[in-house]
Amino acid sequence: MNFKNNLLIALFILNLGITAGQESTAKYSFGEKYDDRYKYSNLLAISDDGFRGSILVRAYYTGVILSPKGYFIEHYNENLELIADYNYKLKSTNFIDAFVKNGQLHLLFLEYNITKQAYDYIVHRAPVVNFNFTSQTLLSIPSVEVANALNKNYYNRDFGSGFSTAVLFNEDKSAFTISAHFKKGKDNKHFIFLYDTSLNKLMEHDFSAEVEEKNYAFEKMVTSKSYDKAYIVGKAYFKQQRFGATERRFQYELIQLSGAGLRTQVFDDSGKYSEALIPVLTEDRLICVGFYSDRRDNRFNGLGYFDLNPNTLAFKTKKYNPFSQQFMADKFGKEDERDINNLVFKNVTVTEDKSVLFNAEEYFVTSSIQQDASGSRLRIERYHYNDMISAKLDINGDMVWARNVNKSEVTQGDGAYASYSSYTKGNNTYFFISTASDNPQQLSNERIVFKQGLGRNRNVFLIRLDEKGDLSYEKIIDDSEARLPLMVSMPLANSKDNSMLFYAKRGSKKQLVRVNL
């Protein structure tokens with residue numbers, strides 16, 4: 001490598017803000033390490049307890065052949081100290097979500113009642129001070145029992161089983177919708193319900209007329225402050241049996257629920273096909289942002305922005321912003337342009353100046369057949385969490401910048417340790433990632449990539465995109481300090497003190513880690 005290239009790389013590293021001795025953007029604190037009785041578990045939810053502490057809910061597994069045995073609940077105070085735990089020996093496997101409301105922990109499940117021949121949506125709740133649980137059946141839908149009633153897949157849905165349901169919460173978990181699509185004989189029914197998290201039913205709508213020609217896979221939901229309106233975005237799959245090579249099998253739609261009934265809006269235009277839309281409701285504005293394709297396939301060409309009337313759903317503004325040269329250079333360098341696909345939204349934030357910051361990730365699943373020691377053939381699925389995408393749109397929907405941060409992760413197990421989490425403070429967006437690599441790999445003078453690494457311990461990196469889209473990064477926690485890997489994609493964000501709370505666990509050890517920006 002010649003002197004000129006060495007100088008360019010040195011200048012690039014300086015521009016990324018990792019010069020020695022600079023003051024760190026973040027401060028972190030570790031809670032005490034505790035022994036954990038359940039080596040095999042999955043973190044399902046982490047919530048604020050309402051008293052500056054946190055509640056964590058895990059599903060745990062035991063036995064020679066691991067099987068679910070119940071739910072382990074941990075209660076920590078604001079000093080990251082474990083003050084109580086509880087083993088809730090409930091073997092229901094259809095866990096939906098958990099939330100804390102009015103000092104009570106609520107666990108929402110979908111259970112099949114053989115006696116009633118119906119699916120029951122059941123809430124188990126208990127005060128966070130003693131975990132004395134009681135249960136309440138929220139809703140019951142008659143149906144035959146099916147496999148994977150709650151199964152979620154970003155690219156393909158199975159609607160032929162006879163029963164399909166989705167439960168979506170709004171951002172602050174103050175309300176949720178239940179979508180239930182069920183068939184019995186010639187009856188084809190679809191109902192949508194809106195509840196607040198005090199478990200009051202606010203709305204019920206018959207959506208059956210819409211499913212005569214399409215099946216719906218709902219993905220995101222927002223509500224007005226008074227809960228008199230709810231907006232749901234989802235994919236509508238056409239039911240026709242045969243599709244031509246140039247035909248698209250689905251379209252994105254926005255559904256409005258209100259006391260006046262249902263309204264529906266479609267986004268596709270001639271030569272513009274929407275992908276991965278997410279709704280945002282702020283003050284008197286309803287906008288949807290996402291990606292779009294110029295063709296009838298899953299190749300993405302840019303960012304879409306739609307400003308709608310929150311009452312009528314009529315379009316006020318439509319904008320299509322092609323990916324910028326900066327974005328393409330971030331992702332592919334100087335190589336010929338390749339296809340961009342498999343992008344899944346993470347979150348959206350509206351800044352004080354009404355700009356929109358949103359983040360997505362390149363996510364996909366691959367599978368293969370492998371032989372185990374006994375000679376049996378097993379299907380293995382691998383979950384890929386790759387590049388991070390971030391973009392800023394101004395108040396008019398015009399793209400200010402779009403950036404791609406190269407990342408490569410794959411897992412067969414718990415996805416909580418992979419992927420990333422993000423936090424917006426002012427006009428800055430921060431990304432938290434965990435990797436066994438000591439530093440990102442240099443791809444060229446202008447590009448880097450964060451790889452998963454092979455080490456047992458993990459470093460935590462903080463990546464920052466400022467208001468101009470300029471990128472910098474720093475290692476905020478070294479693997480010599482973080483002896484337990486952080487579940488970096490499942491944090492508890494606290495906007496009051498600009499902090500992120502992470503759960504760290506390996507085997508029989510666990511602790512909490514707080515990062516303050």
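Keep in mind it's a predicted model, so treat the numbers as computed, not measured.
To the nearest 0.5 Å, atom CG of residue D307 and atom CG of residue L286 are 7.5 Å apart.
A donor-acceptor contact closer than 3.5 angstrom links the side chains of N347 and N359. Between the side chains of S419 and K346, at least one donor N or O sits under 3.5 Å from an acceptor N or O. Side chain to side chain, Y383 and E409 fail the donor-acceptor criterion of an N or O pair below 3.5 Å. Between the side chains of S355 and D353, at least one donor N or O lies within less than 3.5 Å of an accepting N or O. For S174 and Y227, the side-chain atoms include at least one donor-acceptor pair closer than 3.5 Å.
Ring-centre distance between F306 and Y320: below the 6.0 Å cut-off. Ring centroid separation for the pair F193 and H205 does not come in under the 6.0 Å cut-off. Here the two rings, on F323 and F300, have centers that are 6.0 Å apart or farther. Between F133 and H124, the ring center distance fails the sub-6.0 Å criterion. Checked against a 6.0 Å centroid threshold, the rings of Y305 and F358 do not count as neighbours. Residues F461 and F450 place their aromatic rings such that the two centres sit under 6.0 Å apart. Residues Y119 and F163 bring their aromatic ring centres within 6.0 Å.
Without hydrogens or angle criteria, N427 side chain to E467 main chain gives no donor-acceptor distance under 3.5 Å. For S434 (side chain) and V488 (main-chain N/O), no donor-acceptor pair under 3.5 Å exists by modelled atom type.
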side-chain contact (heavy atoms from CB on, under 4.5 Å) between S499 and L517, worked out: CA-CA 6 Å; S499 70; L517 293 168; over 6 Å; no
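Using a cut-off of 4.0 Å between Lys/Arg side-chain N and Asp/Glu carboxylate O, E361 and K407 are scored as salt-bridged. We find that R299 and E275 are not joined by a salt bridge, their nearest charged nitrogen and carboxylate oxygen being 4.0 Å or further apart. Ion pairing between a basic and an acidic side chain is recognised when a charged N comes within 4.0 Å of a carboxylate O; R464 and E474 show no such pairing. Contact check on E78 versus R514 returns no salt bridge, with no Lys/Arg side-chain nitrogen under 4.0 Å from an Asp/Glu carboxylate oxygen. Using a 4.0 Å cut-off between a side-chain N of Lys or Arg and a carboxylate O of Asp or Glu, K214 and E253 qualify as a salt bridge.
Y121 pairs with exactly one of I141, T137, N94 by the side chain to side chain contact (heavy atoms under 4.5 Å, CB included) rule, that one being I141. Across L303, L357, V400, I287, a single residue satisfies side chain to side chain contact (heavy atoms under 4.5 Å, CB included) together with L393, and that is L303. Each of Y420, Y385, F345 was compared with Y363 under the ring pair (Phe, Tyr, Trp, His ring centres under 6.0 Å) criterion, and only Y385 meets it.
The side-chain heavy atoms of F431 and L465, taken from C-beta on, include a pair separated by under 4.5 Å.
Between Y252 and F250, the ring-plane angle classifies as perpendicular under the 30° and 60° cut-offs. The aromatic rings of F207 and H190 sit perpendicular to each other, their planes meeting at more than 60°, with 30° as the lower class boundary. The aromatic rings of F176 and Y195 lie parallel to each other, their planes meeting at an angle below 30°, with 60° marking the opposite boundary.
Around CD of Q325, the count of heavy atoms belonging to other residues, nucleotides or ligands within 6.0 Å does not exceed 12.
Within the cation-pi definition used here (under 6.0 Å to the ring centroid, within 45° of the axis), K189 does not qualify as a partner of F182.
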